[in-house]
Amino acid sequence: MIDVAGVVLAGGASRRMGSDKAGLDWEGQPMLARIVAEVGTRCSPVSVVAAASSPAYKTLKGSGGPEAHWVTDEQAGAGPLGALAAGLADAAAAGCEIAFVCATDMPLIEVAIVDELLLGLREGDDAAIAVDSQRVHPFAGVYRTACAGRIRDLAATGERRMLAALDAIAANRVAVSDVAWLTNVNAPEDLHRLRHAGSGITADTAGVSIP
């Protein structure tokens, strides 16, 4: 198997949820801890990207949170693009050429997605990104860590759209075998629906609409 680092993005504001998504209870543990544990069964090292001022870092670092390397030096105000660049740069510094990137609010993620995406990472591609029938999911993808600088430079221009990042690199779009893996929770009703419906039904999925 190809060696792959894991990068979990956990610095979001969670405005729609009303509380920090990283700390939400999922089967008796913080959601972030569940994601890190799952990713860690395939990826090494696993890093969590969250600014030191974020709720995730303040409440979970060393207190009920996962055993992971925390990356807190994302570019201030750069949003998810800055977090993605910081996570990829950290993986590169650890000697990894490829990193699997996902978000902290994807409780149904399974590491089988990593190898499916790797199969779609062709020579010359910077990334292989999961898609479903309606959306591209940039926070469910494998990235070559060498593209961190280009994403950081894009974020420095004030760009915040993830689709712009995918346009700036060579990204192959890959249909994965189980779209439930891409499920994320944005609001309390999403979490409630998932807890009571099981993995067969997906909540709102985050991504960018396919043009």
Side-chain angles (χ1 to χ4, degrees), residues 1-10 12 21-22 24 26-27 29 31-49 66 68 80 84 87-88 91 96-145 147 162-163 165-167 169-187 190-211:
M1 292 191 301
I2 298 173
D3 292 336
V4 183
V7 175
V8 183
L9 306 180
K21 289 189 281 188
L24 291 173
W26 186 264
E27 298 180 346
Q29 62 182 327
M31 191 174 294
L32 177 59
R34 178 268 185 274
I35 301 297
V36 169
E38 179 69 15
V39 172
T41 65
R42 174 62 177 88
C43 304
S44 180
V46 179
S47 298
V48 175
V49 183
L84 175 59
L88 293 178
C96 300
E97 296 183 358
I98 299 175
F100 170 66
V101 176
C102 68
T104 188
D105 59 356
M106 303 172 71
L108 305 184
I109 197 80
E110 294 183 9
V111 294
I113 194 176
V114 177
D115 289 304
E116 289 193 15
L117 291 170
L118 285 172
L119 288 174
L121 186 66
R122 307 163 301 189
E123 185 176 353
D125 286 337
D126 294 309
I129 306 300
V131 299
D132 57 26
S133 61
Q134 296 180 316
R135 295 181 185 273
V136 183
H137 297 268
F139 295 139
V142 293
Y143 292 78
R144 297 193 193 276
T145 57
C147 68
M162 282 306 305
L163 188 57
L166 300 187
D167 288 341
I169 63 177
N172 188 27
R173 301 178 182 191
V174 177
V176 296
S177 62
D178 190 346
V179 295
W181 295 336
L182 307 177
T183 303
N184 82 323
V185 289
N186 281 319
D190 295 337
L191 186 61
H192 176 80
R193 186 160 62 245
L194 267 191
R195 282 172 171 164
H196 291 83
S199 61
I201 297 178
T202 63
D204 243 356
T205 49
V208 290
S209 298
I210 296 175

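Counting heavy atoms from C-beta outward, Glu116 and Asp178 have side chains that stay 4.5 Å or more apart. For the pair Ile129 and Val174, the minimum side-chain heavy-atom distance is 4.5 Å or more. Residues Val7 and Val49 have side chains in contact (heavy-atom distance under 4.5 Å, counting atoms from C-beta outward). Between Pro138 and Leu166 there is a side-chain heavy-atom pair separated by less than 4.5 Å. Side-chain contact between Leu182 and Arg135 is absent, with no heavy atoms from C-beta onward closer than 4.5 Å. The side-chain heavy atoms of Cys102 and Val39, taken from C-beta on, include a pair separated by under 4.5 Å. For the pair Val8 and Leu32, the minimum side-chain heavy-atom distance is below 4.5 Å.
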Given side-chain contact (heavy atoms from CB on, under 4.5 Å), test Val142 with Val101 step by step and report yes or no. CA-CA 6 Å; Val142 293; Val101 176; over 6 Å; no
Would Val136 and Arg173 count as a side-chain contact (heavy atoms from CB on, under 4.5 Å) if you check the C-alpha gap in whole Å, the side-chain angles of each, and the deciding distance to 0.1 Å? CA-CA 7 Å; Val136 183; Arg173 301 178 182 191; 3.6 Å; yes
Test log, rule side-chain contact (heavy atoms from CB on, under 4.5 Å), inputs Ile98 and Leu121: CA-CA 10 Å; Ile98 299 175; Leu121 186 66; 3.8 Å; yes
Check step by step if side-chain contact (heavy atoms from CB on, under 4.5 Å) holds for Ile113 and Phe100. CA-CA 9 Å; Ile113 194 176; Phe100 170 66; 3.7 Å; yes
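In terms of heavy atoms, Gly120 sits closest to Asp125 at O-OD2, 3.6 Å. Residue Arg34 comes nearest to Ile109 through the heavy atom pair NH2-O, 3.1 Å, listed as atom of the first residue, atom of the second, then distance. Here the closest heavy-atom approach between residue Met106 and residue Phe139 is recorded as SD-O, 3.5 Å. Contact between Leu117 and Gly141 at its shortest, heavy atoms only, is CD1-CA, 3.7 Å. Contact detail for Cys96 and Ser44: the closest heavy-atom pair is SG-O, 4.1 Å. Taking all atoms of both residues into account, the shortest heavy-atom contact from Leu88 to Cys147 is CD1-SG, 4.0 Å.
Annotation: the span from Cys43 atom SG to Ile2 atom CD1 amounts to 11.5 Å, rounded to 0.5 Å. Going from atom CZ of Arg122 over to atom CG of Asn172 covers 3.5 Å, rounded to the nearest 0.5 Å.
Within 6.0 Å of CD in Gln29 there are more than 12 heavy atoms belonging to other residues, nucleotides or ligands.
Of the possible polar contacts, none joining the Asp105 side chain to the Asn184 backbone as a donor-acceptor pair under 3.5 Å is found. Under the 3.5 Å distance criterion, the side-chain polar atoms of Glu110 are left unmatched by any main-chain donor or acceptor of Trp181.
Checking each of Val111, Val114, Val46 against Thr41 for a side-chain contact (heavy atoms from CB on, under 4.5 Å) leaves exactly one that passes, namely Val111.
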